[in-house]
Amino acid sequence: QVDSLKPGSSPRPHFLTQPFDTSFKMDGDSISDMQRTEGLMQLQAFMQGQKITMKILRQCFDKCVDVPGDHLAQGEQQCIWNCTQRMFDSESFLLQRLTEAQKQKQRM
């Protein structure tokens, strides 16, 4: 699910709007290996989400803007907005379907 945003703002998938857990410190031996691993996995997931977001934005920009200039025309802004919304919705739908398929496979 994509947060409701207006054209001109940066759309982000729902999983990128969740707060990043920084409840523990990474100061040597005071943190367990499991907590470190969890923190690194969170960071990796966040970075993967950022990569996906940038890929979608780049694809939509390339599709909607013929010649980059100092500013985007209203039509270009609207095109980028519509394109990113469709892509994020598709990405979310596919992720949900893959998750459901994995759950069904695990039940077998």
Side-chain angles (χ1 to χ4, degrees):
Q1 178 182 354
V2 176
D3 292 336
S4 297
L5 297 172
K6 296 178 182 176
S9 60
S10 298
R12 297 186 313 174
H14 179 66
F15 65 88
L16 292 179
T17 62
Q18 300 302 312
F20 188 72
D21 183 9
T22 57
S23 61
F24 57 87
K25 298 178 184 177
M26 293 205 175
D27 58 302
D29 295 324
S30 66
I31 182 171
S32 72
D33 287 341
M34 188 156 64
Q35 287 174 315
R36 284 185 194 152
T37 301
E38 183 180 321
L40 290 173
M41 288 174 61
Q42 280 184 335
L43 181 59
Q44 185 177 19
F46 177 78
M47 289 172 55
Q48 185 64 28
Q50 290 294 313
K51 281 182 171 179
I52 291 168
T53 299
M54 293 308 295
K55 180 180 177 183
I56 289 171
L57 290 172
R58 181 176 21 87
Q59 288 174 338
C60 290
F61 185 87
D62 291 346
K63 175 186 174 214
C64 296
V65 180
D66 293 326
V67 180
D70 292 339
H71 66 282
L72 295 173
Q74 181 66 31
E76 293 171 328
Q77 291 178 25
Q78 192 64 47
C79 178
I80 291 170
W81 173 254
N82 292 334
C83 176
T84 55
Q85 294 305 299
R86 284 191 308 273
M87 291 242 192
F88 284 134
D89 288 346
S90 297
E91 184 80 26
S92 178
F93 174 77
L94 290 173
L95 182 60
Q96 182 179 5
R97 292 296 298 259
L98 286 172
T99 301
E100 290 171 5
Q102 284 179 333
K103 286 180 183 177
Q104 286 181 350
K105 189 175 182 180
Q106 289 174 352
R107 290 182 202 147
M108 295 179 161

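If you're wondering where the values come from, they're calculated on a predicted model, not measured in any experiment.
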Kindly list each side-chain donor-acceptor pair under 3.5 angstrom involving residues 56-72, sequence neighbours excluded, with atom names and distances?
none

R97 vs L94, side-chain contact (heavy atoms from CB on, under 4.5 Å): CA-CA, chis, key distance, verdict: CA-CA 5 Å; R97 292 296 298 259; L94 290 173; 5.5 Å; no

Just verifying a value: how many Å separate D33 CG and R36 CZ, rounded to the nearest 0.5 Å? 5.5 Å

Within this structure, what is the OG1-CZ distance for the pair T53 and F88, rounded to the nearest 0.5 Å? 4.5 Å

Kindly list each side-chain donor-acceptor pair under 3.5 angstrom involving residues 99-108, sequence neighbours excluded, with atom names and distances?
unit_1 : atom_1 : unit_2 : atom_2 : d
T99    : OG1    : L95    : O      : 2.8
E100   : OE2    : Q96    : NE2    : 3.4

Minimal heavy-atom distance between A73 and E76, with the atoms involved, is N-OE1, 2.8 Å

Distance-only polar pair, side chains of Q85 and D89, donor-acceptor under 3.5 Å: no

Would you compute the distance between atom CG of L40 and atom CE of M47 and round it to the nearest 0.5 angstrom? 10.5 Å

